Amino acid sequence: WSMAVGDLRRQYAGSLLDVIWAVAKPLLELVTYTFVFTVLLRVRFHPEYSTVLSALFLFCGWMVYVTVNETLARSLTVVRDNVHLIRKVHVPAGILPAYIAASEQVIQLMRMALLVAAALIIGHGLSAWALLLPLVMLFQFMFTYGLALLLATVAVFFKDIRQLLQPLLLIWMFVTPVFYPESVFPRQFLPILVFNPLAHLIGIYRQILLNHQAPLPGQVIIFGTVSLTVFVVGLWVFRKQSPHFSDVLGG
């Protein structure tokens with residue numbers, strides 16, 4: 001937690017401008033994507049939704065995707081950048097991907113605060129289902145942390161993964177209903193949607209925050225199962241390989 005707080009301070013506490021930017025950035029994202037997708041491209045998540053409501057649905061999906069994206073992208077270099085800690089201070093290596101996952105999830109909370117404020121002011125408010133958000137975020141952390149552990153391990157042994165990850169994350173974004181509703185997904189490609197855990201996670205957030213309904217059981221079962229599996233597998237792989245990190249990285 002201390003490392004996560006330090007990471008946030010490095011990003012946002014350097015000056016007053018950094019603090020303002022921490023608040024202004026998600027607002028700028030919301031305005032930009034609203035203009036592009038709901039004004040120019042006329043995307044609607046429901047025929048009866050206004051531009052404002054469609055913007056909130058769009059921003060909800062983007063908020064989740066960018067958290068996963070940043071966590072995974074940063075996890076590629078976290079072991080290599082901090083190998084001196086593993087060698088000399090004997091910090092448990094698993095802390096390194098964990099602080100990145102925690103830091104990015106705190107940044108998501110900033111974006112979510114903006115989304116909740118917008119829902120209260122210009123949307124339809126919140127429902128009691130919002131009480132489930134801490135549990136959803138816990139499972140999200142398990143999911144992103146597990147993936148971060150796997151990627152951090154692979155990146156130690158195979159440097160080329162860095163060139164492959166960004167295109168893969170871009171493809172993942174476009175096959176996930178971030179900027180469009182699930183209803184427009186081509187029927188012949190529905191298995192991609194069904195087996196896409198990020199699509200289910202975004203769907204859960206939208207159900208709770210914007211539809212004011214309980215998450216769909218199928219989404220909960222699939223994402224919960226995937227989260228637990230990825231978390232356990234990621235921990236096992238990382239713990240099995242972490243004793244070799246110093247040797248591979250020149251320790």
Side-chain angles (χ1 to χ4, degrees), residues 3-4 7-8 10-12 21-22 24-34 36-37 43 55-81 96-115 133 136-155 158-180 182 185 192-193 195-206 209 219 222-223 226-227 230-231 234 238:
M3 294 179 73
D7 184 59
L8 289 168
R10 283 190 295 273
Q11 294 188 63
Y12 294 111
W21 181 241
K25 183 180 179 182
L27 182 60
L28 180 62
E29 291 170 350
L30 176 58
V31 172
T32 302
Y33 288 109
T34 297
V36 172
F37 289 96
V43 174
L56 296 184
F57 271 79
L58 188 153
F59 186 72
C60 185
W62 172 250
M63 170 189 76
V64 178
Y65 168 77
V66 76
T67 300
V68 175
N69 180 298
E70 290 297 315
T71 301
L72 300 188
R74 294 182 63 197
S75 68
L76 288 179
T77 59
V78 68
V79 173
R80 190 175 298 274
D81 292 344
L96 300 177
Y99 92 78
I100 286 181
S103 173
E104 291 299 330
Q105 202 143 333
V106 171
I107 296 173
Q108 177 181 313
L109 279 173
M110 298 179 190
R111 293 186 171 97
M112 192 183 300
L114 176 63
L115 179 63
L133 286 174
V136 176
M137 295 197 73
L138 173 62
F139 275 88
Q140 179 186 343
F141 177 82
M142 293 171 64
F143 176 66
T144 54
Y145 180 42
L147 287 179
L149 287 168
L150 290 171
L151 283 174
T153 303
V154 172
F158 304 101
K159 292 183 179 180
D160 290 343
I161 189 65
R162 301 179 187 182
Q163 283 69 45
L164 293 173
L165 181 64
Q166 203 56 45
L168 290 175
L169 288 173
L170 187 62
I171 294 171
W172 197 9
M173 179 184 73
F174 282 114
V175 298
T176 301
V178 175
F179 302 119
Y180 56 84
E182 294 181 11
F185 208 84
I192 296 176
L193 196 62
F195 293 103
N196 182 350
L198 187 57
H200 296 298
L201 177 60
I202 290 174
I204 290 171
Y205 274 107
R206 283 173 173 160
L209 287 171
Q219 293 179 331
I222 293 174
F223 183 71
V226 171
S227 297
V230 169
F231 179 68
F238 193 88

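Note that this is a predicted model, so its numbers are computed, not measured. For this chain, numbers begin at 1 and follow the sequence in order.
- In this structure, Gln105 and Thr144 have side chains that are in contact, with non-hydrogen atoms separated by less than 4.5 Å.
- Of all heavy-atom pairs between Ala148 and Leu72, the closest is N-CD2, 3.9 Å.
- A ring-centre distance under 6.0 Å is not found for Phe139 and Phe223.
- When all heavy atoms of Leu96 and Tyr99 are compared, the pair lying nearest together is O-CD2, 3.0 Å.
- A heavy-atom distance below 4.5 Å is not found between the side chains of Pro177 and Ile202.
- Phe179 is linked by a ring pair (Phe, Tyr, Trp, His ring centres under 6.0 Å) to Tyr33, Phe37, Trp62, counting only residues two or more places apart in sequence or in another chain.
- Phe141 and Ala98 make their closest contact through CE1-O, 4.0 Å (heavy atoms, listed as atom of the first residue, atom of the second, distance).
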Apply side chain to side chain contact (heavy atoms under 4.5 Å, CB included) to the pair Leu114 and Met63, showing each step before the final yes or no.
CA-CA 10 Å; Leu114 176 63; Met63 170 189 76; over 6 Å; no
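- Leu201 has its side chain within reach of Val136: a pair of non-hydrogen atoms, C-beta onward, lies under 4.5 Å apart.
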Please report, to 0.1 Å, the donor-acceptor pairs under 3.5 Å made by any side chain of residues 159-176, with sequence neighbours excluded.
unit_1: Trp172; atom_1: NE1; unit_2: Asn196; atom_2: OD1; d: 2.8
unit_1: Thr176; atom_1: OG1; unit_2: Trp172; atom_2: O; d: 2.6
unit_1: Thr176; atom_1: OG1; unit_2: Asn196; atom_2: ND2; d: 2.8

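- Between Cys60 and Tyr205, the shortest heavy-atom contact is SG-CB, 3.7 Å.
- Taking CZ of Arg206 as the start and CD of Glu182 as the end, the distance is 7.5 Å to the nearest 0.5 Å.
- When Val66, Thr67, Thr71 are each tested for a side-chain contact (heavy atoms from CB on, under 4.5 Å) with Gln108, only one passes: Thr67.
- A heavy-atom distance below 4.5 Å is found between the side chains of Phe185 and Tyr180.
- Taking the side chain as every heavy atom from C-beta outward, His200 and Val226 never approach each other to under 4.5 Å.
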Assess the residue pair Leu198 and Val68 against the criterion (side chain to side chain contact (heavy atoms under 4.5 Å, CB included)); give the C-alpha distance rounded to whole Å, side-chain angles, the decisive distance to 0.1 Å, and a yes or no.
CA-CA 9 Å; Leu198 187 57; Val68 175; 3.9 Å; yes
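- Nearest heavy atom pair, residue Ala155 against residue Leu76, reads CB-O, 3.1 Å.
- For the pair Leu109 and Met137, the minimum side-chain heavy-atom distance is below 4.5 Å.
- A donor-acceptor pair is defined here as one N or O able to donate and one able to accept, closer than 3.5 Å; no such pair exists between the side chain of Ser103 and the backbone of Ile100.
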Go through the steps to decide whether Leu133 and Met112 satisfy the test side chain to side chain contact (heavy atoms under 4.5 Å, CB included), and finish with yes or no.
CA-CA 10 Å; Leu133 286 174; Met112 192 183 300; 4.1 Å; yes
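- In terms of heavy-atom proximity, Leu193 sits nearest to Ala199 at CD1-CB, 3.9 Å.
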